[in-house]
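Below is one structure; the comments refer to it alone.
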Amino acid sequence: MEGPGVQLIKEKLSYLKGSFVFEVSGNSKIDKEKLLGKELLSVDSVGKQLFLIFEGVALRVHFGMYGSFRINNPKPDKVPRLLLRFNKDGKRPVDLYFYNTSLRLVDPRELNLDNSVDVLSENFDREKALEKIKSDERVISDVLLDQEIFAGIGNIIKNEALFLAKVHPESISSKIPDDVARDLIDKSVYFSQVFLEHRKKGWPLKKVLLVYNRKFCPLCDSKLKVRYVGKSRRKTFFCEKCQRLYL
DNA sequence: TATAATGTTTGAAC
DNA sequence: AGTTCAAACATTAT
């Protein structure tokens with residue numbers, strides 16, 4: 001799950017702020033009992049990480065490829081990774097289930113919620129991102145997937161942003177001219193926002209994908225190349241004619 | 001039906 | 001001792 005998906009979950013869960021956990025279960029190996037009796041103080045996210053912050057302890061949730069959550073509606077015949085039962089204003093309890101997520105308890109005092117690196121954040125620092133691109137010798141495809149630089153970008157956003165900015169995925173990061181790099185950063189933010197808006201409306205993402213899982217270039221109609229690019233070896237779709245290679 | 005994939009962490013192997 | 005890489009996780013769309 002990429003940044004926009006996590007952002008949406010954060011928004012969907014924030015109404016639980018102020019409620020208390022009174023029951024925990026699930027097959028997660030974390031020390032779940034630490035969450036018992038705790039008040040949910042805030043729900044936050046940085047890139048692909050979701051944080052449920054309680055007094056004295058925080059739960060970090062990563063959804064990976066197949067992670068999901070449900071409220072009051074467990075998957076039949078599946079043991080959740082974690083169930084948190086909240087009491088909400090003394091009304092009916094709210095059951096929050098997590099499936100196939102990677103969970104960790106962290107000390108809230110050591111929590112780094114710096115979102116200047118999060119492409120969906122108002123605090124995203126484009127100049128800092130530009131400096132990172134200009135000083136990195138890796139292939140741009142890998143740099144875009146680096147969560148320390150572009151938190152929230154996943155393989156889909158990477159593919160689309162590179163196409164929108166007309167940059168070949170195997171370009172050497174530092175060799176990309178400033179104006180092109182700036183545009184690439186803008187397109188990464190732009191597409192992440194489009195992604196989020198579509199998710200919010202429940203629309204299929206497929207409709208807005210220009211290259212990911214597609215066969216032909218929407219600009220010149222030539223056949224798209226597919227390659228497992230960079231160290232990350234992630235599937236990358238691109239147009240050799242329209243996307244320029246900087247070496 | 002088999003395959004591949006919106007991703008990270010871990011630990012073995014080199 | 002630093003790096004590289006496969007495995008594990010276990011679901012869902014094609």
Side-chain angles (χ1 to χ4, degrees), chain A residues 1-12 26-32 45-51 58-70 73-83 97-106 111-112 117-120 136-139 141-164 169 187-216 224-238:
Chain A
M1 180 184 296
E2 308 199 15
V6 177
Q7 180 81 19
L8 192 56
I9 293 171
K10 176 182 87 178
E11 291 172 19
K12 284 184 174 172
N27 60 19
S28 168
K29 283 183 278 182
I30 62 165
D31 190 2
K32 318 181 233 325
S45 69
V46 178
K48 300 170 185 170
Q49 306 177 93
L50 175 74
F51 295 100
L59 176 68
R60 191 200 80 145
V61 183
H62 200 292
F63 291 84
M65 292 272 210
Y66 328 112
S68 62
F69 83 102
R70 291 195 175 208
N73 178 31
K75 293 190 175 194
D77 308 321
K78 304 257 171 170
V79 178
R81 189 61 48 80
L82 182 65
L83 160 61
Y97 299 85
F98 289 108
Y99 297 93
N100 311 314
T101 46
S102 114
L103 302 171
R104 252 164 81 185
L105 292 180
V106 292
L111 212 49
N112 180 13
V117 106
D118 186 333
V119 287
L120 275 172
D136 203 309
E137 303 306 316
R138 288 178 294 172
V139 132
S141 177
D142 282 340
V143 176
L144 286 174
L145 290 174
D146 187 333
Q147 299 301 299
E148 308 266 303
I149 304 176
F150 294 103
I153 292 191
N155 199 36
I156 293 178
I157 297 172
K158 176 200 82 176
N159 271 277
E160 299 298 317
L162 284 167
F163 179 75
L164 290 170
K187 292 302 197 303
S188 302
V189 171
Y190 164 76
F191 190 78
S192 298
Q193 289 169 348
V194 170
F195 195 147
L196 177 59
E197 290 312 308
H198 269 247
R199 269 296 167 77
K200 280 187 179 176
K201 291 170 179 157
W203 292 351
L205 187 65
K206 215 175 168 183
K207 291 196 167 190
V208 289
L209 299 180
L210 297 176
V211 288
Y212 186 82
N213 269 347
R214 305 204 84 104
K215 292 270 190 294
F216 300 100
L224 292 173
K225 298 284 173 207
V226 182
R227 201 171 293 166
Y228 293 85
V229 170
K231 280 202 172 179
S232 61
R233 293 275 169 94
R234 299 284 235 112
K235 198 173 193 179
T236 307
F237 300 80
F238 61 98

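Naming convention: chains lettered A, B, ... in sequence-line order (proteins, then strands); numbering from 1 in each chain. These values consider heavy atoms only, across backbone and side chains, with no hydrogens, waters or symmetry-generated copies.
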Given A/Phe191 and A/Ile153, is the side-chain contact (heavy atoms from CB on, under 4.5 Å) satisfied, shown in steps? CA-CA 10 Å; A/Phe191 190 78; A/Ile153 292 191; over 6 Å; no

Give the intermediate values and the outcome of side-chain contact (heavy atoms from CB on, under 4.5 Å) for residues A/Gln7 and A/Arg199. CA-CA 10 Å; A/Gln7 180 81 19; A/Arg199 269 296 167 77; over 6 Å; no

Does the pair A/Val143 and A/Phe150 meet the rule for a side-chain contact (heavy atoms from CB on, under 4.5 Å), with working shown? CA-CA 8 Å; A/Val143 176; A/Phe150 294 103; 4.2 Å; yes

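Taking the ring axis of A/Tyr99 as reference, the NZ or CZ atom of A/Lys75 stays within 45° of it and closer than 6.0 Å to the ring centre.
Distance CZ (A/Phe63) to C1' (B/dA5): 18 Å, rounded to an integer number of Å. Computed from coordinates, the A/Ile156 CD1 to B/dA4 C1' distance equals 13 Å when rounded to whole Å. B/dA4 atom P lies 19 Å from atom CZ of A/Arg227, rounded to whole Å.
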What are the atom names and distances for every N/O pair under 3.5 Å that joins the protein to nucleotides 8-12 of chain B?
residue	atom	partner	partner atom	Å
B/dT8	OP1	A/Lys48	NZ	3.3
B/dT9	OP1	A/Arg60	NH1	3.4

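To the nearest whole angstrom, the two P atoms, one in C/dA7 and one in B/dT3, are 16 Å apart. When the P atom is used for both B/dT9 and C/dA1, the distance is 24 Å, rounded to whole Å. As rounded to the nearest Å, C/dA6 and B/dA4 have P atoms that lie 15 Å from one another.
For A/Arg104, the CZ atom is loosely surrounded, since the number of other residues' heavy atoms within 6.0 Å does not exceed 12. The local environment of NZ in A/Lys10 is crowded, with over 12 non-hydrogen atoms from other residues, nucleotides or ligands closer than 6.0 Å.
Side-chain nitrogen and oxygen atoms of A/Lys235 include at least one within less than 4.0 Å of the OP1 or OP2 phosphate oxygen of B/dA5.
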What does nucleotides 4-14 of chain C look like as a protein-contact string, B for base, S for sugar-phosphate only, - for none, at under 4.0 angstrom between heavy atoms? S----SBBS-S

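Here the side chains of A/Leu162 and A/Val211 are not in contact, with every heavy-atom distance at 4.5 Å or above. No side-chain heavy atom of A/Lys215 sits under 4.5 Å from any side-chain heavy atom of A/Leu224.
Using cut-offs of 30° and 60° for the angle between ring planes, the A/Phe69 and A/Phe98 rings count as tilted.
When both distances must be under 3.5 Å, the Watson-Crick or G-U wobble mate of C/dA13 is B/dT3.
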